[in-house]
Amino acid sequence: MFASRIIKSKIGVGCRLADNHGAFLMRSLDQMLALSPWTGGLSPDQLDRVKSDVVQREFAGGAYVCRKGEPTNAWIGVVDGLVKLNSESESGKAVTLAGIPAGSWFGEGSVLKRELRKYDIVTLRDSRIAFMPEATFRWLLDNSIPFNRFLLMQLNERLGQFIGMIEHERLLDPDARVARALASLFNPHLYPVTETKIQISQQEIGYLSGVSRQRVNQALQVLEKNGMLRVEYGGITVLDLAGLKRIGG
DNA sequence: GCATTAACAGCCG
DNA sequence: CGGCTGTTAATGC
């Protein structure tokens with residue numbers, strides 16, 4: 001079962017930016033910060049502090065970035081790769097609450113409420129993760145109105161996304177659920193620049209959309225036939241995002 | 001009927 | 001070899 005597959009994480013390797021790890025180190029933290037909407041409204045020294053406080057770590061695919069129940073001491077950003085918010089029952093059944101592509105920041109809810117992590121955060125493939133210490137996060141909260149605006153937008157956007165998920169789960173057929181689950185990885189507010197090619201297994205799409213892997217396979221083939229995406233080994237390429245969103249009304 | 005689980009062969013990296 | 005894909009068969013709502 002997927003739960004027991006804990007893969008070692010490579011820790012504390014911000015300095016590895018220097019070595020050539022190939023495509024694995026595609027995106028730098030500086031690039032990611034530049035693309036994050038909330039950095040635009042910061043003063044130069046605020047941005048400086050952010051850059052010196054944020055730390056990065058690399059995680060192999062399938063690794064836990066953090067576990068349910070751990071104290072929340074950082075706001076988390078996906079610099080490169082793909083992670084999921086996951087919840088697992090005692091019997092081992094897993095649900096994915098959200099897939100989080102590169103470029104996005106999340107976990108502000110638990111930081112704001114000073115609560116323990118409510119879900120597992122698991123990498124779906126090799127990923128580089130940024131951690132902004134809670135102190136820095138709170139300092140921005142106290143000192144930057146644009147930062148607060150960004151958080152409001154993000155919380156609002158996510159609320160809409162989760163409401164949509166509940167609606168879709170009850171009203172849409174599996175093909176449409178798969179389509180919407182994939183489209184949700186492309187929310188332009190939450191995820192500024194997601195590449196059209198996503199490396200994610202059909203099994204994971206199943207966890208994300210709430211249907212079986214076999215049914216995901218079937219749905220993907222239908223969507224491919226409709227020209228909305230291309231099915232590839234270990235991933236898909238989205239060709240018609242608007243079309244994916246449109247399915248099922 | 002339709003989706004799910006289980007099982008398996010074949011392919012990919 | 002381990003992981004992923006695409007199929008089929010059996011089972012359940």
Side-chain angles (χ1 to χ4, degrees), chain A residues 1-10 13 16 19-27 58-65 67 78 80-102 120-129 164-186 194-240 243-244 246-249:
Chain A
M1 194 145 305
F2 125 97
S4 54
R5 222 177 61 221
I6 303 172
I7 300 179
K8 61 198 176 301
S9 64
K10 299 173 261 177
V13 277
R16 300 243 325 210
D19 76 20
N20 52 349
H21 223 65
F24 186 45
L25 296 178
M26 222 161 47
R27 205 189 296 249
E58 294 180 12
F59 294 85
Y64 284 92
V65 174
R67 306 293 299 260
V78 181
D80 193 21
L82 180 64
V83 308
K84 62 176 177 179
L85 253 70
N86 214 49
S87 186
E88 197 171 339
S89 69
E90 289 183 23
S91 59
K93 270 214 164 63
V95 202
T96 297
L97 298 138
I100 318 248
D120 293 325
I121 296 165
V122 183
T123 56
L124 294 186
R125 56 176 205 258
D126 291 355
S127 299
R128 297 175 66 236
I129 307 298
M165 268 175 64
I166 295 172
E167 190 184 0
H168 300 155
E169 184 172 340
R170 304 194 179 169
L171 297 179
L172 300 184
D173 65 40
D175 289 351
R177 296 230 300 275
V178 169
R180 297 296 248 274
L182 292 173
S184 73
L185 296 174
F186 292 88
T194 305
E195 282 131 52
T196 58
K197 181 182 165 117
I198 309 183
Q199 204 181 106
I200 182 174
S201 73
Q202 297 180 4
Q203 173 74 82
E204 294 297 345
I205 296 173
Y207 288 136
L208 192 55
S209 52
V211 303
S212 68
R213 176 181 74 76
Q214 292 87 334
R215 191 58 185 78
V216 167
N217 181 267
Q218 200 178 315
L220 290 179
Q221 291 180 36
V222 170
L223 296 172
E224 182 171 52
K225 197 156 292 173
N226 295 349
M228 299 195 174
L229 51 78
R230 204 165 41 238
V231 179
E232 283 145 21
Y233 184 82
I236 56 144
T237 294
V238 172
L239 303 173
D240 180 4
L244 283 180
R246 215 181 304 119
I247 292 182

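Computed from heavy atoms alone, side chains included, the values below leave out hydrogens, waters and symmetry copies.
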Check side chain to side chain contact (heavy atoms under 4.5 Å, CB included) between [X] and all other residues, then give those that pass, not counting sequence neighbours.
X	value
A:S184	A:Q161
A:L82	A:P101, A:L124, A:R125, A:I198, A:I200
A:N217	A:Q202, A:Q221

Practice task
Could you name each residue pair satisfying salt bridge (charged side-chain N to carboxylate O under 4.0 Å, His left out) that touches residues 213-230 of chain A, not counting sequence neighbours?
Solution key: A:D175-A:R215, A:R230-A:E232
Rounded to the nearest 0.5 Å, how far apart are [atom1] of [X] and [atom2] of [Y]?
X	Y	atom1	atom2	answer
A:E169	A:R180	CD	CZ	13.5 Å
A:M165	A:L208	CE	CG	7.0 Å
A:F186	A:T196	CZ	OG1	6.5 Å
A:S87	A:K93	OG	NZ	13.5 Å
A:I121	A:I129	CD1	CD1	8.5 Å

Practice task
For A:S201, answer base if it contacts any base atom (sugar-phosphate contacts may also be present), sugar-phosphate if it contacts only those atoms, and nothing otherwise; contact means non-hydrogen atoms under 4.0 Å.
Solution key: sugar-phosphate
Given atom [atom1] of [X] and atom [atom2] of [N], what is their separation to the nearest angstrom?
X	N	atom1	atom2	answer
A:L124	C:dC4	CG	C1'	14 Å
A:I205	C:dG6	CD1	P	10 Å
A:Y207	C:dG3	OH	P	13 Å
A:E232	B:dC11	CD	C1'	16 Å
A:Q203	B:dA6	CD	C1'	13 Å
A:R125	C:dG2	CZ	P	24 Å

Exercise for the section: Please check if the side chain of A:S127 supplies one atom and the backbone of A:F59 the other of a donor-acceptor pair under 3.5 Å. Expected result: no
Pick out the pairs of N or O atoms, protein on one side and nucleotides 7-10 of chain B on the other, that lie under 3.5 Å.
{"from": "B:dA7", "atom 1": "N6", "to": "A:R213", "atom 2": "NH2", "distance (Å)": "3.3"}

Practice task
Would you please name every residue forming a side-chain hydrogen bond (donor to acceptor under 3.5 Å, both in side chains) with A:R177, sequence neighbours left out?
Solution key: none
Dump every N/O contact between nucleotides 11-13 of chain C and the protein below 3.5 Å, one line per pair.
none

Exercise for the section: Under 4.0 Å from any atom of DNA chain C, heavy atoms only: list the residues of residues 215-230 of chain A that qualify, in numerical order. Expected result: A:N217, A:Q221
